[in-house]
Amino acid sequence: MEIEEKQPRNIGEIISIVEALIFVADEPLTVKTLAEVLTEDKETVEAAVVELAQEYEQRESGLQIREIAGGWQLGTRTEFHEEIRRFLKTRPSAKLSLAALETLAVIAYKQPVTVPEILEIRGVQSASAIKTLLDKRLIIAKGRKETVGRPMQYGTSKDFMIQFGLKDLSELTSIEDFEDLVQ
Amino acid sequence: MEQPTEQLSFDFKSVQPHIVSETRDEINLELGAFAGPLDLLLFLIKQEQANIFDIPIAKITDEYLKYIRLMKTLDISLAADFLVMAATLIEIKSKMLLPREIIDATEEEIEDPRQELIDRLLEHQKFKNAAEMLYERSTVEQAVFTRGQIESDENNVETNASVFDLLTVFQKILERRKEEIKLEIEREEMSLAEMLKHLCAKIFKAKEITLLELFQEMQTRQELVLAFIAVLELVRTENIKLLQKENFGDVILSYYNST
């Protein structure tokens, strides 16, 4: 066993192990974690994950390996959701209300943001929408703002990135781009 | 509810921005999906096919108020936000009616009373679009399924618990209760009467005492306040007066014999 461990792995082997690890992980797996488990350097692991994702792509697998919330995750391909739902006997879960979605948009783009600042943009009290978002763990408290009344600031969570399929926050369309759509 | 609805020129159903399967949140379903006054305003502007940069304020204000009148009977807390906007609209409308001062028409642009509202509407519109983008993203994301949790000891602790574990936990809870009962905090408080008595005795003994000395011996904020009130009370009722021997000098409490 000792001798085996010392032998350097070839890239194919690394890809296989990475695949196995992503399969068993409950959450998106970061390259950092993968590198630690494999005791390989990050660049090698990164290349292996990308290669693996491409393999899935090329053979038109029913599964996909994709980058989300700063990690890698194994999931089904979107095209097959109807069949999967029929098998699981589930329906798409309840959507967020318009109020909650708007509040979430404001928080996502303006974070960290306080309740009065959200009110300013939306023109309505958003307390119940904020509570819904907190309950669903889409947003989290991010400390207090050092101003009069020290109001609580909110930002988006990791769950937000997972549920909305974002690699990281910079992947959000720039808010200024929405200006063209106005009118 | 039936009869005012007919007066309105728009149909609530067509208003639904079909984003929502509304459950119980803050929007009143009967009122359509206007999440706020800015939403309603945007809708009215679209309805009138008006340019957002050149809002026919009188017309829009009328339409807006018509809607508010209906709303007020239904949901007061929500209507509050809408009323603020109504007031703003009316203010802008009245400003528009006043002749505008032309200070330097050629060089600087005349401030349009609508400008601030336009800015807010544009900003709001941006976030509405962003919300729609988020909605689309989450819809796509719901079509991806990930593997369910693998059973491991870590995420399945409950099944390993035996009756004895339960007993231990129960014992711990009992112990904790005992500790809680023991915790009694005594209130260390002085009453004004006690403070008066205390100060009186002190002054009778010393005849003269500076306020500074007196207050320094007080340990809590409450004692300080009590001492202060007590001093005032003593000066008023007893043969005690406040003296100051020189300008800015220490204030001295002294006892004197009136007879």
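In what follows, chains are A, B, ... by sequence order, proteins preceding strands, each numbered from 1. Remember, it's a predicted structure, so these values are computed and weren't measured experimentally.
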For atom [atom1] of [X], is the number of surrounding heavy atoms from other residues, nucleotides or ligands below 6.0 Å larger than 12?
| X | atom1 | answer |
| --- | --- | --- |
| A:Arg59 | CZ | yes |
| A:Glu13 | CD | yes |
| A:Glu60 | CD | no |
| A:Glu36 | CD | yes |

In terms of heavy-atom proximity below 4.5 Å to chain B, should [X] be classed as side chain, backbone, both, or neither?
| X | result |
| --- | --- |
| A:Lys110 | side chain |
| A:Arg77 | backbone |
| A:Leu63 | neither |

Any chance you could measure [X], atom [atom1], to [Y], atom [atom2], to the nearest 0.5 Å?
| X | Y | atom1 | atom2 | answer |
| --- | --- | --- | --- | --- |
| B:Leu134 | A:Gln163 | CG | CD | 11.5 Å |
| B:Gln142 | A:Thr78 | CD | OG1 | 13.0 Å |
| B:Thr146 | A:Phe23 | OG1 | CZ | 11.5 Å |

Specify the closest pair of heavy atoms between [X] and [Y], including all atoms of both residues, with the distance to one decimal.
| X | Y | value |
| --- | --- | --- |
| A:Ala105 | B:Ala131 | CB-N, 3.8 Å |
| A:Glu102 | B:Asp39 | OE2-OD2, 3.4 Å |
| A:Ile121 | B:His124 | O-ND1, 3.5 Å |
| B:Leu38 | A:Arg122 | CD1-O, 3.7 Å |

Top contributor to chain B contacts, counting heavy-atom pairs under 4.5 Å, from [options]:
| options | answer |
| --- | --- |
| A:Gln64, A:Gln73, A:Glu82 | A:Gln73 |
| A:Thr76, A:Ile84, A:Val106 | A:Thr76 |
| A:Leu166, A:Leu119, A:Leu172 | A:Leu166 |

- Item | Pair B:Phe145-A:His81, side chain to side chain contact (heavy atoms under 4.5 Å, CB included): steps then yes or no | CA-CA 8 Å; B:Phe145 294 81; A:His81 74 274; 4.0 Å; yes
- Note on the structure: Assert top hit (heavy-atom pairs under 4.5 Å, partner chain A, pool B:Glu136, B:Glu123, B:Met133) equals B:Met133
